[in-house]
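One structure is given here, and the rest of the page talks about it.
Each chain gets a letter, A, B and so on, in the order its sequence line appears, and its residues count up from 1.
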Number of protein chains: 2
Amino acid sequence: MSDASEQPERISEAEQAVMEALWQRSPLTAQEVCEQVCGPRGWSLNTVKTLLSRLVTKQAVATEPDGKRFLYSPKIARAQYVGTESRRLVDRLFGGRAAPLFAHLAQAEALTPDDIAEIEALLKELKS
Amino acid sequence: MSDASEQPERISEAEQAVMEALWQRSPLTAQEVCEQVCGPRGWSLNTVKTLLSRLVTKQAVATEPDGKRFLYSPKIARAQYVGTESRRLVDRLFGGRAAPLFAHLAQAEALTPDDIAEIEALLKELKS
DNA sequence: CTCCATCGTTTACATGTGTAATCGACTACG
DNA sequence: CGTAGTCGATTACACATGTAAACGATGGAG
């Protein structure tokens, strides 16, 4: 059987920028990805290509040939990525408990009144 | 004048393990730090010393001579570290908004009933 | 006084990451 | 048909990180 125990390789921050482009719309060519990210990040097309290759190696994006070029699409969902990264942080900083993270954000005034309202709404949903 | 615009260098994961020891109790010698972390992480004393040096370079820990050896203490508070790291994540993954993070944790069922209760309590406090 | 244990410091080395230039294949233009 | 542009692939290179061995000073045991 094909090794099912492979844990997904980490996606670096630069790589994430590329993933974000693909999560917004896919499949895209390397060119198109570059159009999304090269400007803001000040990258060259080559950089994007390198990142795409690495993401392919990491099994995070899939390629589909389209004539002489490739179309790239995400192979992992953004929610999954966000999930692992969030959990990593919560584990590393708060012993795996989410409440302390929330407490911290609250104390640090990182919560806008809007945030608080939204969270209240979510809580209400959770309890219903 | 001493450069006040220095933004604190990032503390890596391995380095954080060392910081945790110092945050729990300080000052400590390299030996003592090792006693806290070498077992769990399978590190050698040398590794701890390297990490301590790097942390000193990064201005994250202070040294105080004690005979022939040094005593190390954290120069940055844990809350500050936790703050920057949390914000980084929220920025990277949730566009800087904390509510989506919370929503994600909720959806991912990363919130225990205890968490929810705690958060409700915190909310109540925030609103009072 | 000499030698060993122990410090902190210096050096090492593999891997990951950021950022790209170069290369070989191919295709479209002239 | 040759050649310039474009692709992905290969190679490059500096810096960060994880992990540690080697080195030089030094203080305490004998």
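Between A:Glu13 and B:Arg88 there is a salt bridge, with a side-chain nitrogen of the basic residue lying less than 4.0 Å from a carboxylate oxygen of the acidic one.
Using five terminal pairs a side, the axes of the helix from C:dC1-D:dG30 to C:dG30-D:dC1 at its two ends make an angle of 30°, given in steps of 10 degrees.
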Detail all sub-3.5 Å separations between protein N/O atoms and N/O atoms belonging to nucleotides 24-30 of chain D.
none

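Every residue two or more places apart in sequence or in another chain was checked for a salt bridge (charged side-chain N to carboxylate O under 4.0 Å, His left out) with B:Arg25, and none qualifies. Shown here are the side chain to side chain contact (heavy atoms under 4.5 Å, CB included) partners of B:Ala99, two or more places apart in sequence or in another chain: A:Asp115, A:Glu118, A:Ile119, B:Arg97. The side chain to side chain donor-acceptor pair (under 3.5 Å) search around A:Arg78 returns A:Glu20, not counting sequence neighbours. Considering only residues two or more places apart in sequence or on other chains, B:Phe94 meets the ring pair (Phe, Tyr, Trp, His ring centres under 6.0 Å) condition with none of them. When the side chain to side chain contact (heavy atoms under 4.5 Å, CB included) test is applied to B:Thr47, the partners found at least two apart in sequence or on another chain are B:Trp43, B:Ser44, B:Leu51. The ring pair (Phe, Tyr, Trp, His ring centres under 6.0 Å) test applied to B:Phe70 returns no partner, not counting sequence neighbours. Under the rule for a side chain to side chain donor-acceptor pair (under 3.5 Å), A:Gln31 has no partner lying at least two apart in sequence or in another chain.
Within the structure, disulfide (SG to SG under 2.5 Å) contacts touching residues 72-103 of chain A (residues at least two apart or in different chains) do not occur. Residue pairs satisfying the disulfide (SG to SG under 2.5 Å) criterion with at least one member in residues 48-95 of chain B, sequence neighbours excluded, are absent.
Regarding B:Asn46, its CG atom lies at a distance of 6 Å from the P atom of D:dA21, rounded to whole Å. For B:Arg69 and C:dG8, the CZ to P distance is 8 Å, given to the nearest whole Å.
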note = With B for base contact, S for sugar-phosphate-only contact and - for none (protein heavy atoms under 4.0 Å), nucleotides 10-18 of chain C reads --B----SB
